[in-house]
Protein chains: 2
Amino acid sequence: MRLGNIDIPRDTCQLVGNILGRVGDKWSVLIIVLLRERPMRYSELERQIETVSKKMLTRTLRNLERDGFVSRTVTPSIPPRVDYQLNDLGREVMVPLDELARWALSNKDRVVEARLRYDATQDEKE
Amino acid sequence: MRLGNIDIPRDTCQLVGNILGRVGDKWSVLIIVLLRERPMRYSELERQIETVSKKMLTRTLRNLERDGFVSRTVTPSIPPRVDYQLNDLGREVMVPLDELARWALSNKDRVVEARLRYDATQDEKE
DNA sequence: CAGGATCCGCCGGGATACTG
DNA sequence: CAGTATCCCGGCGGATCCTG
């Protein structure tokens, strides 16, 4: 496997794919983007995203925490309070992530057009 | 929704998420990376990737074609021959994609360490 | 408030067999 | 060779209910 000029061993390739996979899952990127603005409580993330279930919000946050992108701070009051914040790794991954998002943003029309063209050719055949 | 300094309307956000999602699915990025080296036939992609099923290879290629990242050229010989190549859109998306991959590559150890630390704290509690 | 537990539908994705 | 068709399983992810 090669990426540009770099040779990549199989196991490394898998791990990288694993990290890239995190970009693909439904909520991770969104959460990272939100947390870049400022730290947030669990309930605030829930309100901001608004379409996420507690189950997936919790699971996604746990994964981000495990991978070292996010820190979780518990304040054992009643009612309890849990704050999430980006740590260094999380802020750094935002750099390439941001560029990809910007690319998608400025090229989305080309993708939409390509889809229209493709779908048109498919209609002809039916 | 905001990304850096840019405001993003809801529907656009969904579309961008959709494009980013393509990064997440199991084979798309790998195929794009392979095709950047040179155009390849269906069977060659199959051999290079080696763990992909025909079903997923075909489906992924169709999606990439529909979105305008890849071109499909059929030579109606017997046996038939189909070549795939990156077109402009595909080559351009490689730029931000490459940076993300490089980030993952050079930071994978930090992620691995974070996971070890996290898993260690979890073990204590059981 | 911040989750954990449970049930369940949907579909990504592999295995296998078949075709022009 | 380059697919299509079919079957099947695991897991994502939502909905609902419960708890310290």
Side-chain angles (χ1 to χ4, degrees), chain A residues 13-14 17-32 34-35 38-67 70-85 118 121-122 125-126, chain B residues 14 17-32 34-35 39-67 70-85 118 121-122 125-126:
Chain A
C13 194
Q14 215 177 17
N18 174 317
I19 295 176
L20 291 190
R22 187 111 322 162
V23 178
D25 76 39
K26 202 173 180 182
W27 306 111
S28 292
V29 174
L30 188 49
I31 289 176
I32 290 181
L34 287 174
L35 288 182
R38 56 189 160 78
M40 289 189 192
R41 301 182 56 172
Y42 182 90
S43 53
E44 190 172 3
L45 285 169
E46 203 175 0
R47 256 180 298 107
Q48 293 276 349
I49 304 185
E50 162 179 308
T51 54
V52 71
S53 64
K54 283 177 180 298
K55 176 181 163 184
M56 289 316 298
L57 180 55
T58 301
R59 184 187 295 178
T60 306
L61 285 167
R62 289 289 187 281
N63 285 334
L64 290 175
E65 187 193 0
R66 185 169 113 94
D67 286 357
V70 160
S71 292
R72 176 169 178 272
T73 312
V74 181
T75 307
S77 52
I78 297 178
R81 171 191 180 114
V82 180
D83 290 270
Y84 292 91
Q85 57 179 318
Y118 183 88
T121 67
Q122 293 316 95
K125 293 159 58 176
E126 283 162 16
Chain B
Q14 216 176 17
N18 174 317
I19 294 176
L20 292 189
R22 187 112 321 162
V23 178
D25 77 40
K26 201 171 179 182
W27 306 111
S28 294
V29 174
L30 188 50
I31 290 177
I32 290 181
L34 287 173
L35 288 181
M40 289 190 191
R41 302 181 55 171
Y42 181 91
S43 53
E44 191 173 2
L45 285 169
E46 204 174 359
R47 255 181 300 107
Q48 294 276 350
I49 303 185
E50 162 178 307
T51 55
V52 70
S53 64
K54 283 178 180 300
K55 176 181 162 185
M56 288 317 297
L57 180 55
T58 301
R59 182 188 295 178
T60 306
L61 285 167
R62 289 288 188 280
N63 285 335
L64 290 175
E65 188 193 0
R66 186 168 112 94
D67 285 357
V70 160
S71 292
R72 177 169 176 272
T73 311
V74 181
T75 308
S77 53
I78 298 179
R81 171 194 179 112
V82 180
D83 290 270
Y84 293 90
Q85 57 179 319
Y118 182 89
T121 67
Q122 293 317 94
K125 293 159 58 175
E126 283 161 17

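Each chain gets a letter, A, B and so on, in the order its sequence line appears, and its residues count up from 1. Fair warning: this is a prediction, and the values are worked out from it, not measured in the lab.
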Calculate the interatomic distance between [X] atom [atom1] and [N] atom [atom2]; express it in whole Å.
X	N	atom1	atom2	value
A/Lys54	C/dG3	NZ	C1'	7 Å
A/Asp83	C/dC1	CG	P	14 Å
B/Glu50	C/dA15	CD	P	13 Å

Drop me the distance from [X]'s [atom1] to [Y]'s [atom2], to the nearest 0.5 angstrom.
X	Y	atom1	atom2	value
A/Arg62	B/Gln122	CZ	CD	8.0 Å
A/Arg47	A/Met40	CZ	CE	9.5 Å
B/Ile31	B/Ile49	CD1	CD1	4.5 Å
B/Leu61	B/Met56	CG	CE	10.5 Å
B/Thr58	B/Glu65	OG1	CD	11.5 Å

Side chain to side chain contact (heavy atoms under 4.5 Å, CB included) with A/Ser28: which residues, sequence neighbours excluded?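 Scan of A/Ser28 (side chain to side chain contact (heavy atoms under 4.5 Å, CB included), adjacent residues dropped) gives A/Arg22, A/Asp25, A/Thr60, A/Leu64.
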Who pairs with B/Lys54 by side chain to side chain contact (heavy atoms under 4.5 Å, CB included), at least two apart in sequence or on another chain?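 Counting only residues at least two positions away or on another chain, B/Lys54 forms a side chain to side chain contact (heavy atoms under 4.5 Å, CB included) with B/Tyr42, B/Glu46.
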Note, B/Leu45 side chain near B/Leu35 side chain (heavy atom, < 4.5 Å):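 Yes - at least one pair of side-chain heavy atoms lies under 4.5 Å apart.
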Do B/Thr51 and B/Trp27 make a side-chain contact, defined as non-hydrogen atoms from C-beta onward lying under 4.5 Å apart?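 In short, these two side chains touch, coming nearer than 4.5 Å.
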C/dG4 phosphate, OP1 or OP2: any side-chain N/O from A/Tyr42 under 4.0 angstrom?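 Answer is no, no contact under 4.0 Å.
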Kindly say if A/Arg72 contacts the phosphate of C/dG3, meaning a side-chain N or O under 4.0 Å from OP1 or OP2.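 Yes, within the criterion.
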Any pair with a residue in residues 71-82 of chain B that passes salt bridge (charged side-chain N to carboxylate O under 4.0 Å, His left out), sequence neighbours left out, goes on the list, sorted by first then second residue, please.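 Applying salt bridge (charged side-chain N to carboxylate O under 4.0 Å, His left out) to every pair that reaches into residues 71-82 of chain B, excluding sequence neighbours, yields B/Arg81-B/Asp83.
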Heavy-atom contact window of chain B on DNA chain D, given 5' to 3' at under 4.0 Å: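 Counting from the 5' end, contacts occupy D/dC1 to D/dC7.
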Measure all distances between protein nitrogen or oxygen atoms and nitrogen or oxygen atoms of nucleotides 11-14 of chain C, and list the pairs falling under 3.5 Å.
{"unit_1": "C/dG13", "atom_1": "N7", "unit_2": "B/Lys55", "atom_2": "NZ", "d": "3.0"}
{"unit_1": "C/dG13", "atom_1": "O6", "unit_2": "B/Lys55", "atom_2": "NZ", "d": "3.2"}
{"unit_1": "C/dG14", "atom_1": "OP1", "unit_2": "B/Lys26", "atom_2": "NZ", "d": "2.9"}
{"unit_1": "C/dG14", "atom_1": "O6", "unit_2": "B/Lys55", "atom_2": "NZ", "d": "2.2"}

Between the first and last five pairs of the helix from C/dC1-D/dG20 to C/dG20-D/dC1, the angle of the axes, rounded to 10 degrees: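 The helix from C/dC1-D/dG20 to C/dG20-D/dC1 shows an end-to-end axis angle of 50°.
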Shortest non-hydrogen separation from A/Tyr118 to A/Thr121 and the atoms involved: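 The answer is O-OG1, 2.6 Å.
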